[in-house]
Amino acid sequence: MNKLVGITRNFSSSASLNAIKTVTVVGGGLMGSGIAQVTAQAGQNVYLIDTQKEQLEKAQKSIKNNLVRVAKKTFKDDAAKADSFVKESLNRIKMSTALEDGVNVDLVVEAIVEKLDAKQELFNKLDQLCPEHTILATNTSSMSVNEIGSRIKRKDRYGGLHFFNPVPVMRLLEVVKGEQISEETYQTLMTWGKSVGKTCITCKDTPGFIVNRLLGPYSAEAMRMYERGDASAKDIDIAMKLGAGFPMGPLELADYTGLDTKKALLSVMLQKTGHPVFQPIGLLNRLVAEGKYGRKSGEGIYKYEKSKV
Ligand code: CAA
Ligand code: NAD
């Protein structure tokens, strides 16, 4: 998997800032696989890079399954078109464990683990390896976009692209303006977001941007409520689905997001805002320490059947 098969290394190296034709997504987990999928669905060539071969194999399977779901809906009465949509989209995605395979593109979207040092190290490498015109973007859910990119030189060609889980379904994209982003880069990111089917909104580089600044406290309070034994996990989730119209309850959603990601998010929010609602939660810390990350690991607040993970 660390050798690219059947493609030239240079998808494109001469696109202008306003025409993103080739994309690399770094991190092939929940978010990266979804971002690669919607990019390929939109007709763009995409490299998906992950350090873990098994993650890429998992991503390959989930992208295929999700493309089939999209195809069934989009081409209800035309099985042949549905089939070629899936095949062509899959063919546009090339996977590799070597970052160098994905540097010669117009846009790189980073979707690796929510750890500042790991993200900074990756952006420093990308800044050195990518051609001049390449735009770099982070999908961080809570960290400062400026801090992640603080050591790169191309600050005018850098910003935040915050997608939502599951990426193929959630229609929002928060485009985060870095301190020194150029107007041209910002417009290019907005245009690209639309091209992959998202409604783009703009935010400043504030903790949690818009959605997580509001969802974070809600999620933390739900976990504390469950930890105190105020109600069962199931009843807390039913309450918010039937009483407030949410598609998922807060505890189901925390498992769906990934408890490791949720823990990192709350910790960054505490550090950045100092607000007590983001204080550590014993239950969350314990589950993460036990490797119970939620749906992706088979157990979190709930247990999952292997076939549904
Ligand atoms: N890929 C493609 N299509 C998918 C999909 C995927 N991964 N997951 C679901 N779908 C499609 C299904 O095919 C189905 O389509 P139709 O209704 O047209 O047939 C539709 O989505 C609904 O799916 P299901 O019937 O399987 O299940 P559901 O009705 O329970 O919906 C859900 C699943 C879309 C995930 C819904 O429960 C939901 O919206 N949950 C809330 C998700 C949410 O809040 N996300 C944001 C989290 S915050 C975040 O992401 C930011 C952060 O930084 C942490
Ligand atoms: P995940 O744990 O599912 O996937 C992370 C992947 O990154 C793993 O496959 C890991 O092997 C890979 N990785 C780690 N270091 C790497 C490196 N240096 N190079 C290449 N690959 C590397 O995590 P996720 O849920 O997909 O989250 C990824 C990012 O997206 C995080 O910053 C997170 O905060 C953000 N985010 C998550 C959600 C969500 O709901 N899970 C929503 C929006 C944004």
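First listed ligand is number 1; within each ligand, the first listed atom is number 1.
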Below 4.0 angstrom, N of the basic side chain to O of the carboxylate: do [X] and [Y] qualify?
| X | Y | result |
| --- | --- | --- |
| E57 | K61 | no |
| E290 | R286 | yes |
| D260 | K296 | yes |
| K241 | D237 | no |
| R224 | E227 | no |

Item to check | Any donor-acceptor N/O pair, T202 side chain to V175 backbone, under 3.5 Å | outcome: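 Such a contact is absent between T202 side chain and V175 backbone.
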Within the protein, flag every N or O under 3.5 Å from an N or O of ligand 2, and note the pair and distance.
{"residue": "ligand 2", "atom": "2 (O)", "partner": "K296", "partner atom": "NZ", "Å": "3.1"}
{"residue": "ligand 2", "atom": "3 (O)", "partner": "L30", "partner atom": "N", "Å": "3.0"}
{"residue": "ligand 2", "atom": "9 (O)", "partner": "D50", "partner atom": "OD2", "Å": "2.6"}
{"residue": "ligand 2", "atom": "9 (O)", "partner": "Q55", "partner atom": "NE2", "Å": "3.3"}
{"residue": "ligand 2", "atom": "11 (O)", "partner": "D50", "partner atom": "OD1", "Å": "2.7"}
{"residue": "ligand 2", "atom": "11 (O)", "partner": "D50", "partner atom": "OD2", "Å": "3.4"}
{"residue": "ligand 2", "atom": "26 (O)", "partner": "L30", "partner atom": "N", "Å": "3.3"}
{"residue": "ligand 2", "atom": "26 (O)", "partner": "M31", "partner atom": "N", "Å": "2.8"}
{"residue": "ligand 2", "atom": "30 (O)", "partner": "N139", "partner atom": "ND2", "Å": "3.0"}
{"residue": "ligand 2", "atom": "32 (O)", "partner": "I112", "partner atom": "O", "Å": "3.2"}
{"residue": "ligand 2", "atom": "32 (O)", "partner": "E114", "partner atom": "OE1", "Å": "2.5"}
{"residue": "ligand 2", "atom": "32 (O)", "partner": "K119", "partner atom": "NZ", "Å": "2.7"}
{"residue": "ligand 2", "atom": "34 (O)", "partner": "E114", "partner atom": "OE1", "Å": "2.9"}
{"residue": "ligand 2", "atom": "34 (O)", "partner": "S141", "partner atom": "OG", "Å": "2.5"}
{"residue": "ligand 2", "atom": "41 (N)", "partner": "T257", "partner atom": "O", "Å": "2.8"}

Next on the checklist: Would you call the rings of Y302 and Y304 parallel, tilted or perpendicular, taking 30° and 60° as the class edges?
Outcome noted: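 Plane angle over 60°, so perpendicular.
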Next on the checklist: Is it the case that the side chains of S144 and D205 hold a donor-acceptor pair, with the cut-off being a distance below 3.5 Å and no angle test?
Outcome noted: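 Yes.
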Next on the checklist: I'd like the contact residues of ligand 1, where contact means a heavy atom below 4.0 Å.
Outcome noted: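 Within the 4.0 Å shell of ligand 1, which is judged on heavy atoms, sit N66, R69, K73, S141, H162, F164, N165, P166, P168, V169, M170, N212, L215, P247, M248, L253, Y256, T257.
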Next on the checklist: Would K198 and F163 count as a cation-pi pair here, with the cationic atom under 6.0 angstrom from the ring centre and within 45° of the axis?
Outcome noted: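 Cation-pi check for K198 and F163: fails.
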